[in-house]
Every structure is written in structure tokens, then in C-alpha cells.
Number of protein chains: 2
Amino acid sequence: MEEFLQKARQLLAQRGYKWTGPRRDIIHALLRESYQHISAEELHALMQKQGYEIGLATVYRTLELLVETGLVHKLQFGDGCSRYELAEEDHHHHHLVCARCGKIYEVAMDLLEELEHKIELDHDFAISGHHLQFYGTCSACKKQMREKRDE
Amino acid sequence: MEEFLQKARQLLAQRGYKWTGPRRDIIHALLRESYQHISAEELHALMQKQGYEIGLATVYRTLELLVETGLVHKLQFGDGCSRYELAEEDHHHHHLVCARCGKIYEVAMDLLEELEHKIELDHDFAISGHHLQFYGTCSACKKQMREKRDE
DNA sequence: ATTCTTGCAAAACCTTTGCATACTG
DNA sequence: CAGTATGCAAAGGTTTTGCAAGAAT
């Protein structure tokens with residue numbers, strides 16, 4: 001938590017960006033909501049509700065900045081907006097998107113490394129990140145569908 | 001090409017949808033541009049230029065229909081719009097997105113099956129599809145960056 | 001001081017929707 | 001003919017931008 005803030009502060013300084021109140025608050029809010037995949041508008045609304053006076057444009061700009069710096073990942077789940085999550089070094093994972101209820105589950109796994117390596121060699125492409133999503137039906141929805149069918 | 005059209009016609013009929021001129025034209029256009037990941041607006045503009053009189057709303061509606069039917073995949077590369085590609089049965093692949101030039105390369109590969117299987121068991125999640133993208137720097141851009149550095 | 005950042009409102013985009021007309025099965 | 005599909009224009013939602021005022025180094 002604190003270390004993430006320090007890292008962010010340092011990385012921004014390194015690139016000539018300033019350390020401001022709004023930026024600190026946004027990172028704080030992201031840390032508090034780190035379990036979620038939050039959209040810019042949701043984050044803005046949440047912060048408003050928690051008493052932070054911050055403009056929506058600033059939220060967008062700051063998130064973009066954090067993505068550019070590699071501190072935050074920008075995700076597209078196809079629901080009409082971009083979603084963001086903290087880039088935690090030791091928490092590589094993929095996403096399971098339930099097509100029925102829309103819920104998103106995380107899968108910690110790194111079997112992708114072998115594949116990445118092969119691609120880097122085969123395509124002469126320097127991979128800096130990946131984004132893997134699986135679509136399907138989650139456990140809860142499968143259960144509901146069974147129950148509905150048996151009525 | 002022809003077979004894809006037939007398959008589409010049949011699948012749509014099966015679900016009570018009608019086979020119309022605009023739908024045929026859109027699928028034709030998609031087949032012609034099958035090497036691309038085209039957006040709805042791009043497809044619309046292209047068709048206009050080629051002399052087809054078609055409304056943008058129809059393009060959106062038809063693409064949505066084709067996605068729903070499984071004939072087309074909807075992709076999000078984070079550039080602000082949805083992109084579409086034909087779902088060719090024998091052409092499973094992933095995408096390499098160059099962070100510098102934005103170009104998108106395809107990698108044919110199916111090493112993911114093992115991983116999928118493990119997830120289905122571990123998470124009781126019925127996977128119906130996946131979406132894997134790698135981000136990084138492509139060969140051409142790496143070369144340009146080397147040259148620029150050496151100037 | 002200079003440069004960067006913010007907030008607001010307006011603009012820019014992409015996508016969806018309502019409705020009257022036209023078409024398919 | 002009944003039920004869909006289309007085109008247009010308008011509306012909706014998300015994200016970006018211009019600009020004057022405010023903050024950080």
C-alpha cells in the first residue's frame with residue numbers, strides 16, 4: 001500500500017510529472033478498490049461520494065498517466081467502457097468473464113510464459129504484457145440454469 | 001467464400017432472421033477484408049466508397065447479429081472502438097498488438113487448450129471462447145528504434 | 001518564475017434507439 | 001400479410017480537449 005504510493009511518486013518524478021493531491025487521492029482510491037475492475041466514471045463517483053472533490057477529466061487523465069507509466073492496467077471487457085486495475089507485480093492473472101451474469105473472476109496462472117517465449121523468438125516481437133480473457137458460463141450461472149431447466 | 005455465405009444464410013434462417021441484401025453485402029465486404037480487423041465505421045465507409053448504399057446503423061446491427069450467431073468475433077484492442085473479424089473455424093489465433101505503431105499481427109497457435117482444460121476443472125467455469133492479446137514492440141519498430149538511437 | 005495540472009464545459013466519438021417505410025418468407 | 005429489417009436522425013454514453021485559474025518544483 002504505502003510502498004505502491006512511494007513507487008508511483010518516484011516513477012512519476014522520474015518522468016517529469018508532478019506529485020499532486022488529486023493524483024495521490026486517485027491512487028489511494030484505486031488501492032482501496034484494488035479488488036475491483038473499476039471504470040473511470042465509477043472511480044469518479046466513488047471518490048465524490050467519499051468526499052473528494054475531483055473532476056472527471058482529471059480521473060481520466062490520471063488513469064491514462066498511470067497506464068502509460070505501467071502502474072495500472074487498462075482492460076476491455078466489451079461492456080462499453082475501459083476498466084482499470086492496479087498492476088501488482090506479484091499478482092499475474094487472467095480473467096474469466098461470465099457471458100451470462102457479467103461477473104469477472106480472476107485466475108492466477110502463468111503457464112503463458114512458455115508461449116510468450118516462443119512468440120518472441122518466432123515473430124521477433126518484444127512482449128511487454130499480455131491480456132487473456134476467457135468467456136463462458138460461471139459456476140453460479142451454470143447452477144441457476146440447471147435449476148431453471150428442472151422447474 | 002461461397003461456403004461461408006451459405007453457412008451464414010443457413011444459420012440466420014435457423015434463428016428466424018431474414019436473408020437480406022444489406023446482410024449479404026456486409027458479409028461479402030467482410031470476406032473481402034478478411035485479413036483486417038475492421039471497425040464498424042471503417043466497414044461502412046469502405047462499403048460506401050465501393051458503391052453500396054447502406055446505413056451505419058445497419059452495419060452495427062448486422063455485425064451484432066453475426067457476433068451473436070458466432071460467425072464473427074468482436075475484438076477490443078483499446079483504440080476506442082470495437083473491431084470485427086470473421087470467425088474462421090480452422091484459423092484459431094491470437095493477436096500481437098504493437099504499442100508503438102499500433103499494428104496488429106496474428107499468431108496461429110493453440111497451446112491454450114491445456115490451460116483452458118485446467119481452468120474448467122479448477123473453477124467450474126464452462127469456457128466458450130477466449131481472447132488473448134500480447135502487447136509489445138514489433139520487429140519493424142524495434143529496428144526503427146535501433147536506427148534512431150544510433151543516429 | 002516556469003512548467004505542469006486542474007476543473008469546467010464543450011466537443012468529439014462511438015454506438016444504440018425510435019419510428020416510418022420497405023422488404024422477406 | 002405478418003413479421004422483420006432498413007435508413008435516417010436523434011439520443012445516449014464514454015472519453016478527450018481548450019482554456020483560464022491554480023499548484024508544484
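Chain identifiers are assigned alphabetically (A, B, ...) following the order of the sequence lines, protein sequences preceding nucleic acid strands; residue numbering begins at 1 within each chain. Computation of the quantities below employed the complete heavy-atom set of this structure, encompassing side-chain atoms and omitting hydrogens, waters and symmetry-equivalent molecules.
Across all strands, E41(A) comes closer than 4.0 Å to base atoms (heavy-atom distances). If you check every strand for non-hydrogen atoms under 4.0 Å, R23(B) touches sugar and phosphate atoms only. Residue S82(A) is in sugar-phosphate contact alone, with no base atom involved, counting any heavy-atom pair closer than 4.0 Å across all strands shown.
Picking from dT6(C), dT15(C), dT15(D) the nucleotide with the shortest atom distance to the side chain of A40(A) gives dT15(D). For A57(B), whose side chain is taken as the heavy atoms from C-beta onward, the closest listed nucleotide among dC8(D), dT6(C), dT15(C) is dC8(D).
We find the OG-CG distance between S39(B) and D79(B) to be 8.0 Å, quoted to the nearest 0.5 Å.
When rounded to the nearest whole Å, the span between CG of L63(A) and P of dT14(D) equals 15 Å. Taking atom CZ of residue R24(B) and atom C1' of nucleotide dA5(D), one finds them 14 Å apart after rounding to whole Å. Taking atom NE2 on H44(B) and atom P on dC13(C), their separation rounds to 17 Å, with Å as the unit. The OH-P distance, from Y52(A) to dT6(C), rounds to 15 Å in whole Å. Here the C1' atom of nucleotide dT16(C) and the CG atom of D79(A) are 15 Å apart, to the nearest Å. Y84(B) has its OH atom 12 Å from the P atom of dC14(C), to the nearest Å. The distance between atom CZ of R83(A) and atom C1' of dT14(D), rounded to the nearest whole Å, is 12 Å. Atom-to-atom, CG of L56(B) to C1' of dT17(C) comes out at 13 Å; the value is rounded to the nearest Å.
Ranked by how close their nearest DNA chain D nucleotide is to the 5' end, K18(B) and R61(B) are led by K18(B). Each of Y17(B) and P22(A) lies near DNA chain C, and the nucleotide nearest P22(A) is the one positioned closer to the 5' end. Heavy-atom distances to DNA chain D give each of K74(A) and G55(B) a nearest nucleotide, and the one nearer the 5′ end belongs to G55(B).
Listed here is the closest heavy atom pair of A40(A) and L56(A): O-CD1, 4.2 Å.
Between dT15(D) and Y60(A), a contact under 4.0 Å exists linking OP1 or OP2 to a side-chain N or O. Taking side-chain N and O atoms only, T20(B) has a distance below 4.0 Å to OP1 or OP2 of dT6(D).
Ring centroid separation for the pair H94(B) and H130(A) does not come in under the 6.0 Å cut-off. Aromatic rings from H37(A) and F77(A) are positioned such that their centres are separated by under 6.0 Å.
Within a 6.0 Å radius of CD in E147(A), more than 12 heavy atoms belonging to other residues, nucleotides or ligands are found.
Side-chain atoms of R83(A) do not come within 3.5 Å of backbone N or O of K74(A) as any donor-acceptor pair. When atom types are taken as modelled, the side chain of H44(B) and the backbone of V59(B) share no donor-acceptor pair closer than 3.5 angstrom. The backbone N or O of I127(A) sits less than 3.5 Å from a side-chain atom of E120(A), completing a donor-acceptor pair.
Comparing the helix axis at one end of the helix from dA1(C)-dT25(D) to dG25(C)-dC1(D) with that at the other, each defined from 5 consecutive pairs, gives an inter-axis angle of 40° (nearest 10°).
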